[in-house]
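Keep in mind that the numbers below use all heavy atoms, side chains included, and drop hydrogens, waters and symmetry copies. As the structure is a prediction and not an experimental result, all values here were calculated from the model. To find a chain, count down the sequence lines: A is the first, B the second, and so on, and within it residues start at 1.
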There are 2 protein chains.
Amino acid sequence: MENLINILEDANIKPTIERLSILNYLDRNHNHPTASMIFDEVETKIPTISKTTVYNSLKLFIENGIVTPLYITGSEIRYDFTTKPHHHFFCENCGKIFDLVVDCPIFSKKHFQGHLIRQQHGYFRGICKDCLEKEAKEHH
Amino acid sequence: MENLINILEDANIKPTIERLSILNYLDRNHNHPTASMIFDEVETKIPTISKTTVYNSLKLFIENGIVTPLYITGSEIRYDFTTKPHHHFFCENCGKIFDLVVDCPIFSKKHFQGHLIRQQHGYFRGICKDCLEKEAKEHH
DNA sequence: TCCATAATTTGAACTCAATACAAATTTATA
DNA sequence: TATAAATTTGTATTGAGTTCAAATTATGGA
Ligand SMILES: [Mn+2]
Ligand SMILES: [Mn+2]
Ligand SMILES: [Zn+2]
Ligand SMILES: [Zn+2]
């Protein structure tokens, strides 16, 4: 928790109870949750918290570079507490988003064909390993 | 246009006037338009068309693999009339989405770490070449 | 401690792309 | 022509995310 306070202060964000609780959730859950999922859990610890505070805090985290928003599902934003760029796999069956370690030669580039790169995103969509195995079992 | 009819029929989609007009727009505009942009132009040719038909048609096109939805901006779906996987660059300043030709070694893979891949997406976000040049001019 | 100010949080109203759905229209088939 | 099937339409609805002013809390000097 002391670590999380430092992370916020280093990003020039005042570490309020609400922001710490939200960041703590993201720190414990690296499964790319939605704002709603974050709210539901944080609400059990801070019953008075509002959804607007969750959105406000996430926006702050994003603007200050300690959280990355993922626009993958098409229906809602998923939040990733990380700084390092990495790939994702989105399962169209169970909705889970997996981290993938891909040796991507573009990750080191800051410019590409004249464009200034601020973020890099690579992701695949399909059926995840777990869902494939379940499917195979059912067909027997 | 005859070509577009064939594309729809090959995808088992009945080539109605509305669907042809929508696909024709996508064929002429490879700038990854929104549903609203498509509707606005098609409406000038088919004044009676409804937005629901635009959404229905795009859904059909996606389900049958002749159009790819892009979840990049976070606010609305952009549509790409293409089959071949390629990279994109999204300009956070002007909102344009550029096609990028990147030699990506993963594009050939159908499986990755046990997951079944159906789609592959790679995109960068930042400031595009045009916006950078405009910015440079203004600062002088 | 008191008070003024700034920062943060809250909740209700609102936005808007996308969806649901039943009625209306068009097309296909006998 | 008559009937059924497919398609289109318009309205209502959804729901994630935003706006914004009021309420609350934190800050800092007198
Ligand atoms: Mn991740
Ligand atoms: Mn494209
Ligand atoms: Zn899955
Ligand atoms: Zn631009």
Starting at atom [atom1] of [X], determine the distance to atom [atom2] of [N], rounded to an integer number of angstrom.
X       : N      : atom1 : atom2 : answer
A:Lys51 : D:dT19 : NZ    : C1'   : 17 Å
A:Ile77 : D:dG15 : CD1   : P     : 17 Å
B:Leu8  : D:dT7  : CG    : C1'   : 14 Å
A:Ile49 : D:dT25 : CD1   : P     : 14 Å

Side-chain heavy atoms of [X] within contact of [Y], under 4.5 Å:
X        : Y       : result
B:Asn29  : B:Met37 : no
B:Val102 : B:His86 : no
A:Ile77  : A:Thr34 : no

Start and end of chain B contact along DNA chain C [non-hydrogen atoms, under 4.0 Å]: C:dA17 to C:dA28

Any donor-acceptor pair under 3.5 Å from [X] side chain to [Y] backbone:
X        : Y        : answer
A:Arg125 : B:Gln119 : no
A:Asp80  : A:His32  : no
B:Arg19  : B:Lys14  : yes

Suppose we screen for salt bridge (Lys or Arg N to Asp or Glu O under 4.0 Å). Which residues come up paired with A:Glu41, at least two apart in sequence or across chains? A:Arg28

Just to be sure I understand the rule, does A:Lys14 reach a base, reach only the sugar-phosphate, or reach nothing, if contact means heavy atoms closer than 4.0 Å? sugar-phosphate

Which residues satisfy the side-chain hydrogen bond (donor to acceptor under 3.5 Å, both in side chains) test with B:Ser75, sequence neighbours excluded? B:Thr73

Should the pair A:Phe89 and B:His115 be assigned to parallel (<30°), tilted (30 to 60°) or perpendicular (>60°) ring geometry? parallel

B:His121: partners by ring-ring contact (aromatic ring centres under 6.0 Å, His included), with sequence neighbours left out: A:Tyr123

Could you tell me whether A:Asp10 atom CG has more than 12 heavy atoms of other residues or ligands within 6.0 Å of it? yes

Below 4.0 angstrom, which residues in residues 52-76 of chain B have at least one non-hydrogen atom near DNA chain C? B:Thr52, B:Tyr55, B:Ser75, B:Glu76

Selection: residues 27-48 of chain A, any non-hydrogen atom under 4.0 Å of DNA chain C: A:Thr48

